[in-house]
**Student:** 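Let me give you the structure first, and then I'll get to my questions.
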Amino acid sequence: MLIDFPGRRFYFFFIEIWPQEVYFFTGLLVIAAMALFLMNAVAGRIWCGYLCPQTVWTDLFLAIERMVEGDRRQQILAATGPWTAQRVVRKGIKHFLWLMVAWWTGGAWVLYFADAPTLVKDLATGHAPLLAYGWIAALTATTYTLAGHMREQVCTYMCPWPRIQAALTDEYALNVAYRFDRGEPRASVKKSEQLKLEGLPAGDCIDCRQCVNVCPTGIDIRDGAQLECIQCGLCIDACDNVMEKIGRAPRLIGYDSDVNLKRRIEGLPPVEKIVRSRTILYAAIIAAVGGIILYALLTRHAFDISIIHDRNPVFVRMADGAIRNGYTMRILNKQLDTRRFALSVDGIAGAVVEIVGLPMGAAQVVEVGPDQSREFRVLVSNYEYAPAPSSPIVFHLKDLETGVWAQAKDHFRAPERVR
Ligand code: SF4
Ligand code: SF4
């Protein structure tokens, strides 16, 4: 993938997108938004928990932290103890590794915007543009700060998605949830056995707070769904471990929908409803937009023509009585060799087309270089009559090598019926 700003091109494998084809990006953005909505309708904030770069990079930074400074308990012990040489060295190694990952991330981003092998060589030899060094430094700093230091604060305070997601969700979406019907009333293992002996209700939650301790946003999922929950699933694993140790069934915390949480409390069997109006709508929009993009890609021309009518004057009356309209024509040659194109017009009987610079009356043939666009001034003169003050006119462009046609529509303007 290459986003070539100076060359005004976007390359994706063998597909080359021109600035005039920016609608492909619009389509891709629509698909991305709908995919996010669909994910949310099916499995809540699955994007936040497993796919968002902020979560992925934070997890990577945490893995480095664990590797260098040990698990959470060891980190707390070290943080409350004195500053020893070992602690200083470990902190230094951790921050060095974080900076390396951040620098690698920033460098990788910049390589999307230039020829990667050349830029890597230029960066290494100090010959790359200052802008490239600046961007790598800025992206390194933001990655280091956001993933290393701010972590889930980004999700809670900076990211708009939790707010949007809350407005888009419904009672059938799966979310990380605590099963109140099973967990409550919570009591220690010993106390719950005693309660059961006395014939009193006792839930499976032993109030060990492991689910709270592992939560990166510091919330208690037993209080119900919360905006801060990024659905990382760490509380599910923590609680399952506890349940395994005390010999109780897993998934006291698990993926569940609001409707099923209610149904379980009422003693009703859970229901799954993935296919519903909103999931059908999102999937249909993705399929439709994807289909349109695919069709447009498969049928796109290897060359194209665009026409813009002069704004002022819209027509000129010539000395010989003819009415003349001026246009700006741009020909896009997306092929990798020079092509010759012949221009003709249709729609106005007797209209004569002329590309400025070519002799009038001769074949209006122009050349456009490989992978280039060229602008021409075009004049259309009407010596006979114009059927209306504004008549449709079609410009036809023929690739003289392949015989393939492209066309652009505009209007021919005249004061009134002219003879
Ligand atoms: S980890 Fe499980 S058992 Fe422990 S407090 Fe959380 S929900 Fe209750
Ligand atoms: S409540 Fe559970 S799933 Fe949500 S952020 Fe905390 S640990 Fe992750």
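Numbering of ligands and ligand atoms starts at 1, following listing order.
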**Student:** Which of the atoms of ligand 1 are close to Cys239, meaning less than 4.0 Å from one of its heavy atoms?
**Tutor:** 1 (S), 2 (Fe), 7 (S)
**Student:** Which residue and non-hydrogen atom of the protein lie closest to atom 8 (Fe) of ligand 2, and at what distance in Å?
**Tutor:** Cys232 SG, 2.3 Å
**Student:** Does Val214 reach ligand 2, in the sense of a heavy atom lying below 4.0 Å from it?
**Tutor:** no
**Student:** Would you kindly say whether Asp337 and Gln335 are connected by a side-chain donor-acceptor distance under 3.5 Å?
**Tutor:** no
**Student:** Quick check: does any side chain N or O of Arg45 sit under 3.5 Å from a backbone N or O of Pro162, one acting as donor and the other as acceptor?
**Tutor:** no
**Student:** Would you mind listing which atoms of ligand 1 come within a distance below 4.0 Å of any non-hydrogen atom of Arg209?
**Tutor:** 4 (Fe), 5 (S)
**Student:** Give me the nearest non-hydrogen protein atom to atom 2 (Fe) of ligand 2 as residue plus atom name, then the distance to 0.1 Å.
**Tutor:** Cys235 SG, 2.3 Å
**Student:** Specify the protein heavy atom at minimum distance from atom 3 (S) of ligand 1: its residue, its atom name, and the distance to 0.1 Å.
**Tutor:** Ile206 N, 3.5 Å
**Student:** Would you mind listing which atoms of ligand 1 come within a distance below 4.0 Å of any non-hydrogen atom of Cys208?
**Tutor:** 1 (S), 3 (S), 4 (Fe), 5 (S)
**Student:** Counting non-hydrogen protein atoms only, what is the nearest one to atom 4 (Fe) of ligand 2? Give residue, atom name and distance.
**Tutor:** Cys229 SG, 2.4 Å
**Student:** Short list, please: which atoms of ligand 1 are under 4.0 Å from a heavy atom of Ile253?
**Tutor:** 7 (S)
**Student:** State the atoms of ligand 1, each with its element, that fall below the 4.0 Å cut-off from a heavy-atom position in Arg222.
**Tutor:** 5 (S), 7 (S)
**Student:** Output yes if Cys215 passes the N/O/S-under-2.8 Å test against atom 6 (Fe) of ligand 2; output no otherwise.
**Tutor:** yes
**Student:** Lys273 versus Thr279: any side-chain heavy-atom pair under 4.5 Å?
**Tutor:** no
**Student:** Under a 3.5 Å threshold, yes or no: a donor from one side chain and an acceptor from the other, between Arg8 and Ser373?
**Tutor:** no
**Student:** Relative to the heavy atoms of Cys211, which atoms of ligand 1 are at a distance of less than 4.0 Å?
**Tutor:** 1 (S), 5 (S), 6 (Fe), 7 (S)
**Student:** Under 4.0 Å from a heavy atom of Met243: which atoms of ligand 1 are those, numbered in the order shown and with their elements?
**Tutor:** 3 (S)
**Student:** Counting from 1, what ligand 1 atoms have a heavy atom of Cys205 closer than 4.0 Å?
**Tutor:** 3 (S), 5 (S), 7 (S), 8 (Fe)
